Amino acid sequence: MTAEPFGATVAPDLVRAVIGYRLGRLDDDALWSPYVDERWDRGVHTAVCQSERDAHPEPAPGHDCTCGVHAWYEPCPTLSWAATRHLVAGAVALWGALELHPYGMRGEHAMIVALVVPPWHGTKPRRIVEVANHLEVAAVPARRLEAEAMRHGAPVPPGMAPQPRASRAAYAVEQRLAQTETSGWRPTALVSRARSPD
């Protein structure tokens with residue numbers, strides 16, 4: 001190993017894929033990103049920047065952009081998705097370029113590794129199992145999601161992610177306010193437009 005010059009920053013090379021957690025939106029026959037029209041199929045999903053205002057030469061995720069495959073460090077709370085008709089929680093393995101944020105990350109490449117089945121019988125659990133079978137991933141109860149995900153990668157190593165300065169909700173508001181200067185976004189739209197890091 002060679003000594004780095006004083007003050008040089010070296011990005012660690014993570015050998016295994018990084019595990020993240022995200023929500024998906026169920027359609028009649030597929031799984032989609034919850035906030036954009038982006039269908040998830042089996043295998044590798046490569047992020048593409050769709051921003052009209054922040055063109056950047058590097059592939060997604062751009063440092064000063066919001067592009068990339070978004071995922072949280074921890075599983076989504078069951079109450080945030082289970083009782084809805086279309087949302088489903090799951091785990092993804094991410095690799096390639098990664099942007100780490102206080103509550104989640106954005107990645108260049110990802111693959112779904114598991115979907116969560118709610119703890120009751122009915123149409124939604126049945127649809128989740130069908131989609132999981134189509135994607136060739138496990139459909140597991142929430143209590144087994146992390147164990148299943150860890151079969152496909154590892155969490156972000158301790159100390160690598162920036163420390164949060166505020167709650168998730170306050171962080172989302174802070175990020176939206178930072179965009180005000182460049183996008184012309186109006187703070188009056190804060191309540192209707194603030195959302196999770198996806």
Side-chain angles (χ1 to χ4, degrees), residues 4 7-25 31-41 43-77 80-81 87 89-114 145-146 149-150 152-185 190 193-198:
E4 294 295 326
T9 302
V10 177
D13 185 10
L14 302 174
V15 177
R16 296 186 70 193
V18 174
I19 296 301
Y21 303 93
R22 57 179 285 125
L23 294 174
R25 179 172 41 93
L31 185 68
W32 297 77
S33 289
Y35 304 110
V36 295
D37 268 345
E38 198 166 23
R39 182 182 170 136
W40 281 73
D41 290 313
V44 178
H45 185 86
T46 299
V48 176
C49 182
Q50 298 175 348
S51 175
E52 295 173 6
R53 65 175 178 84
D54 285 335
H56 50 82
E58 72 272 9
H63 179 66
D64 291 324
C65 191
T66 60
C67 62
V69 178
H70 291 248
W72 286 291
Y73 299 126
E74 298 175 2
C76 305
S80 69
W81 63 270
L87 290 179
V92 291
L94 297 109
W95 65 93
L98 296 176
E99 282 276 327
L100 303 180
H101 300 278
Y103 292 101
M105 62 196 131
R106 296 182 290 124
E108 181 179 5
H109 305 288
M111 184 168 51
I112 298 171
V113 297
L145 180 62
E146 289 182 82
M150 293 308 149
H152 304 275
V156 170
M160 280 188 68
Q163 290 298 311
R165 297 185 312 264
S167 69
R168 273 191 193 188
Y171 178 73
V173 169
E174 180 181 285
Q175 295 304 303
R176 260 330 216 177
L177 289 174
Q179 291 176 0
T180 303
E181 297 169 9
T182 58
S183 69
W185 173 80
L190 182 64
R193 296 193 60 194
R195 64 175 196 220
S196 66
D198 190 323

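Note that this is a predicted model, so its numbers are computed, not measured.
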(message) Please enumerate all residues that pass side chain to side chain donor-acceptor pair (under 3.5 Å) together with Trp40, with sequence neighbours excluded.
(response) Ser33
(request) Using a 4.5 Å cut-off on heavy atoms from C-beta on, say whether the side chain of Pro34 contacts that of Arg22. (result) yes
(message) To check you understand the geometry: which heavy-atom pair defines the closest contact between Pro61 and Cys67, and what is its length?
(response) CB-O, 3.3 Å
(message) Would you compute the distance between atom OG1 of Thr46 and atom NE2 of His109 and round it to the nearest 0.5 angstrom?
(response) 5.0 Å
(request) Answer yes or no: is there a side-chain heavy-atom contact under 4.5 Å between His45 and Glu38? (result) yes
(request) State, to 0.1 Å, how close Leu100 and Met160 come at their nearest heavy-atom pair, and which atoms those are. (result) CD1-O, 3.8 Å
(request) Could you tell me which non-hydrogen atom of Trp95 sits nearest to which non-hydrogen atom of Ala17, and how far apart they are? (result) CE3-CB, 4.4 Å
(request) Looking only at non-hydrogen atoms, find the nearest pair between Gly107 and Leu98 and report the distance. (result) CA-CD2, 3.6 Å
(request) Give, for atom NE2 of His152 and atom CG of Leu94, the distance between the pair rounded to the nearest 0.5 Å. (result) 13.5 Å
(message) So, using side chain to side chain donor-acceptor pair (under 3.5 Å) as the criterion, who are the partners of Glu108 when residues are at least two apart?
(response) none
(message) Please give me the minimum heavy-atom distance between Ala47 and Gly68, naming the atom from each residue.
(response) CB-CA, 3.6 Å
(message) Here's a test for you: under side chain to side chain contact (heavy atoms under 4.5 Å, CB included), which of Arg16, Met150, Glu146, Glu74 qualifies with Pro155?
(response) Met150
(message) I need the minimum non-hydrogen distance between Ala60 and Cys49, along with the two atoms involved.
(response) CB-N, 4.1 Å
(message) Would you compute the distance between atom CG of Leu23 and atom CH2 of Trp72 and round it to the nearest 0.5 angstrom?
(response) 4.5 Å
(request) Could you check if a side-chain atom of Val18 sits within less than 4.5 angstrom of a side-chain atom of Tyr73, using non-hydrogen atoms only? (result) no
(message) As an exercise, state the distance from CZ of Arg39 to CZ of Arg25, rounded to the nearest 0.5 Å.
(response) 11.5 Å
